[in-house]
Amino acid sequence: MKNEILNLLVKATEQLAADGLLESVPAPELIEVSRTRDASHGDFASNLALKLAKLAKRNPRELASEIVARLPKNSRIEKTQIAGPGFINFFVSKAAARSIISTILAQTAQFGRSDYGAGRSVQVEFVSANPTGPLHVGHGRGAAYGAVVANLLEAIGYRVEREYYVNDAGRQMHILAVSIWLRYLELAGESLPFPTNAYQGDYIWDIGATLHREHGDAYRVPMTEIFTGIPLDEPQQGDKEAHIDAVIERAQTLLGAERYRTVFDLGLHTILANIRQDLASFGVEFDVWFSERELAETGAVERAIEALQAAGYVYEKSGALWFRSTEFGDEKDRVVRRDNGQTTYFASDIAYHLNKMERGFDTVIDVWGADHHGYVPRVRAALKALYGDDSKLNVLLVQFANLFRGGQKVQMSTRSGEFVTLRELRDDVGRDAARFFYVMRRHDQHLDFDLDLAKSQSNDNPVYYIQYAHARIASVMRQLHEKGLQLGEGNLTLLNDPHEEELVTTLARYPELLLNAAQAEEPHQLANYLRELANQFHTYYNAQQFLVDDAALRNARLSLCQAVQQVIRNGLGLLDVSAPEHM
RNA sequence: GCGCCUGUAGCUCAGCUGGAUAGAGCAUCGGUCUUCUAAACCGAGGGUCGCAGGUUCGACUCCUGCCAGGCGCGCCA
């Protein structure tokens, strides 16, 4: 409908130019048509006359009437009107508006989808939490957001690949390995000072126990051999970073490459399996799990550094290798290889993003926690240096979620192990509520997650509110069948009460809404829309009886209900929230 | 100190990429179940859109400067 009106306006402007009222035909992109906010302004409005007034050297209202006079006839437009400073309002004919019901019932699950993306490929990388511990509620938001963005893009015709970047290399993973080993040693009977910087969570004990169960004392080393000659830890007025690094090095020496790798892999695989499980039961699936370690072991990281070097963007300073990222807009240069010879996380990320580009995606989306925002310029710098272009990269930052219970903020800290895991959240409030609450707000806004509200089975809870609308319609249909009746052909022209007209308009808006939400990467638009649709339905439900004796009217109303149900089901589906038949 | 984000009703947030009289939920107050699920509906009050300038036909939206909050400024990831 919107496009139809757009075409009418294009024709009108062409005629306008032909008649000499405009010097040239304005670019079609200049023409805007939008939904009106107020029904008295019709269904659609265009500000075209306001925009062209200056070019045409006429006042906007006068120009508007010239435009209207040149609009081609269209049976789906009932009338037009010039209003306010010079808006052209379009009133869609009721028959044209109602036809959306048949469209929805015919297209079912496809309704709202489009081919805007025309099969172009987009990769969405999200979550990508370090496999050093269970996912917590902060990761949950990125997971829910990323998953829905991917769904939305798919719905408007993109070919989407969902990817999880596994940080299975680097210092944090070594700290994990050592943490597990030390817990194992404690279980084996050694008594030792557990480093401040090691992972404290209970899950470390569990993995240590597995190691002990499967290998007995094969990994046991006397505690004195480990800690003798190691820099002091923090409680002894030492440096906790130097301490843990030395313990890692000692562990590698004492265990040897093979045994060390076994401990390392046990930790990695256990935690990764746990993460996959958590995500799967949260309704989040990935096409690719991309390993950082593999990137390093296949030499991609080295090659990336060499490429930077060959291009002349690398220099050496105080033993380290630096990438001259300031040349591409970063605020300072960045180290890619430390003075101890290890490549940095950033070096891996350069190789990783280069790899993404080489895989040929048309667009690459990174969903990151907002605390990483300072990291964006350096990744862009690397792409500009090595790929010559960073325009395919789109970084979306997700702010943290604060949990509230009983009106109090729940305090969390990862390192100390005092965090609420994603699994606990799901067990607490349920998957549907968790998924919905996570995407209810803009991604770049802090989210106050009210646990009590998410759990409450009350009218305050927006998830249930929407689901209830869906279940209510299912219930009405059950009632119909209990009366021995079937849904038949209705007379849609009987749908002329204001509630029905309002619902029809809202339903017709769904495809536009979806396109908008997807393009803007804003799932909250869909969440808000569904709430509005549910609200209008509940109002309608209270105002009108559906199961009336007049079959033509009954079937018309039930068709409308079915259309509403279909759209709710489609929308909730994109949010990965269930649409129950009973509640 | 520098950079990024945010500031809209008592609270939590929308505001369709610059449009017409700034909206919703919660909370508060008052109503609605002998009728398809009251997990619902109807009504009322509640606003200097942080402050001050600027841009134009038109600003919550764009620009500048302040004020307040969050985050980031490692040879950590």
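Every chain is numbered from 1, with letters handed out A, B, ... down the list of sequences. No experiment lies behind these values; they were computed from the predicted model shown.
- Of the candidate nucleotides B:A14, B:C57, B:C36, B:C57 has the atom lying nearest to any side-chain atom of A:L50.
- Remark: of the listed residues A:D450, A:V410, A:D428, A:V410 is the sole one forming a side-chain contact (heavy atoms from CB on, under 4.5 Å) with A:L403.
- Atom pair A:H174:NE2 and B:A77:P shows a separation of 10 Å (rounding to whole Å applied).
- With a 6.0 Å radius and a threshold of 12 heavy atoms from other residues, nucleotides or ligands, A:D38 has its CG atom above the threshold.
- With B:C41, B:C5, B:A38 as the choices, the nucleotide that has an atom nearest any side-chain atom of A:D444 turns out to be B:C5.
- For B:U17, the O4'-C1' to base torsion is within 90° of 0; the nucleotide is therefore syn.
- Within the 4.0 angstrom heavy-atom criterion, base atoms lie near A:S318.
- For B:C41, the OP1/OP2 oxygens have a side-chain nitrogen or oxygen of A:N535 closer than 4.0 Å.
- The residue A:K332 sits close only to the backbone: its heavy atoms come under 4.0 Å of sugar-phosphate atoms, none of a base.
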Which dot-bracket string fits RNA chain B when only Watson-Crick or G-U wobble pairs with both atom distances under 3.5 Å count, crossing pairs get [ ], and | stands for a partner on a different strand?
(((((((..((((.....[...)))).(((((.......))))).....(((((..]....))))))))))))....
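- A:I466 has its CD1 atom 17 Å from the P atom of B:A24, to the nearest Å.
- Residue contacts for A:Q479: at a heavy-atom cut-off of 4.0 Å it reaches the sugar-phosphate backbone alone, with no base atom in range.
- Taking atom C1' on both B:U21 and B:G15, the two are 15 Å apart, rounded to the nearest angstrom.
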After noting the C-alpha distance and the side-chain angles of A:F323 and A:F328, does the key distance pass the side chain to side chain contact (heavy atoms under 4.5 Å, CB included) rule?
CA-CA 10 Å; A:F323 165 42; A:F328 301 94; 4.2 Å; yes
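- Candidate nucleotides B:G15, B:C75, B:G25 were compared by shortest atom distance to the side chain of A:A320, and B:C75 ranks first.
- For the C1' atoms, the distance from B:G23 to B:A9 is 10 Å, rounded to whole Å.
- B:G72 has no base stacking with the ring of A:H373 when judged by centroids under 5.5 angstrom apart and an interplanar angle below 30°.
- Across all strands, A:A543 comes closer than 4.0 Å to no nucleic acid atom at all (heavy-atom distances).
- Nucleotides B:C49 and B:U61 place their C1' atoms 10 Å apart, quoted to the nearest Å.
- Residue contacts shown for A:Q544 include a base, since a base heavy atom lies under 4.0 Å away.
- Between A:E512 atom CD and B:U17 atom P the separation is 11 Å, expressed in whole Å.
- By the 5.5 Å and 30° criteria, A:F87 is stacked with the base of B:A20.
- Nearest to the side-chain atoms of A:S475 among the listed nucleotides B:G25, B:C36, B:C75 stands B:C36.
- Separation of atoms OH (A:Y315) and CG (A:L308) is listed at 12.5 Å; rounding is to 0.5 Å.
- Between B:C36 and A:R557, no contact under 4.0 Å exists linking OP1 or OP2 to a side-chain N or O.
- Candidate nucleotides B:G15, B:U12, B:A77 were compared by shortest atom distance to the side chain of A:Y375, and B:A77 ranks first.
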Is there a side chain to side chain contact (heavy atoms under 4.5 Å, CB included) between A:E327 and A:Y313 once you walk through the steps?
CA-CA 8 Å; A:E327 208 154 302; A:Y313 297 128; 3.4 Å; yes
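- Looking at the side chain of A:Q172, the nearest of the listed nucleotides B:G70, B:A77, B:G19 is B:A77.
- Using a 4.0 Å heavy-atom distance criterion, A:H372 is classed as a base contact.
- Atom CG in A:N461 sits about 12 Å away from atom P in B:A27, given to the nearest Å.
- A:A471 comes within 4.0 angstrom of a base, heavy atoms only.
- For A:H41, whose side chain is taken as the heavy atoms from C-beta onward, the closest listed nucleotide among B:C41, B:A20, B:G70 is B:A20.
- Within the 4.0 Å cut-off from OP1 or OP2 of B:C36, not a single side-chain nitrogen or oxygen of A:R554 is found.
- Here the separation of B:A14 from B:C57, taken at their P atoms, is 32 Å to the nearest Å.
- Evaluation of atom-type donor-acceptor distances gives no pair under 3.5 Å for the side chain of A:D371 against the base of B:A77.
- The side chain of A:N47 lies closest to B:G19 when the candidates are B:A39, B:A20, B:G19.
- For the OP1/OP2 pair of B:A14 and a distance below 4.0 Å, the side-chain nitrogens and oxygens of A:R441 include no atom meeting the criterion.
- For A:H524, a side-chain nitrogen or oxygen approaches OP1 or OP2 of B:G15 to under 4.0 Å.
- Counting any heavy atom pair closer than 4.0 Å across all strands shown, A:K317 reaches a base atom.
- When heavy atoms are screened at a 4.0 angstrom cut-off, A:D450 is found touching no nucleic acid atom at all.
- Here B:A14 presents its P atom at 15 Å from CG of A:L526, a figure rounded to the nearest Å.
- Electrostatic pairing of A:D349 and A:R378 does not count as a salt bridge here, judged by no charged N lying under 4.0 Å from a carboxylate O.
- Atom pair A:M477:CE and B:C36:C1' shows a separation of 11 Å (rounding to whole Å applied).
- Salt-bridge check for A:E66 with A:R61: failed, with every basic side-chain N at 4.0 Å or more from each acidic carboxylate O.
- Here A:K51 pairs with A:E32 in a salt bridge; the nearest charged N to carboxylate O distance falls below 4.0 Å.
- Relative to the side chain of A:Q445, the nucleotides B:C75, B:A20, B:G7 differ in distance, and B:G7 lies closest.
- Contacts of A:A83 with the nucleic acid, taken as non-hydrogen atoms under 4.0 Å apart, include base atoms.
- Taking atom CG on A:L530 and atom P on B:C13, their separation rounds to 20 Å, with Å as the unit.
- If you check every strand for non-hydrogen atoms under 4.0 Å, A:D333 touches nothing.
- Atom CD in A:E502 sits about 12 Å away from atom P in B:A24, given to the nearest Å.
- A:N89 contributes no side-chain N or O that, together with a main-chain N or O of A:Q81, makes up a donor-acceptor pair within less than 3.5 Å.
- Closest to the side chain of A:Y541, out of B:C36, B:C75, B:A39, is B:C36.
- If you check every strand for non-hydrogen atoms under 4.0 Å, A:D339 touches a base.
- Ring geometry, A:Y529 versus A:Y510: the interplanar angle falls from 30° to 60°, so the pair is classed tilted.
- Between A:K51 and A:R337, the residue anchored closer to the 5' end of RNA chain B is A:K51, taking for each the nucleotide with the nearest heavy atom.
- With P as the reference atom, B:C63 and B:G3 are 15 Å apart, rounded to whole Å.
- Residues A:R334 and A:N516 each lie close to RNA chain B; by heavy-atom proximity, the contact nearer the 5' end of the strand is made by A:N516.
- With a 6.0 Å radius and a threshold of 12 heavy atoms from other residues, nucleotides or ligands, A:E249 has its CD atom at or below the threshold.
- The main-chain N or O of A:A471 is never found under 3.5 Å from a side-chain atom of A:S475 such that the two would form a donor-acceptor pair.
- Between the side chain of A:T539 and the base of B:C42, no donor-acceptor pair of N or O atoms lies under 3.5 Å.
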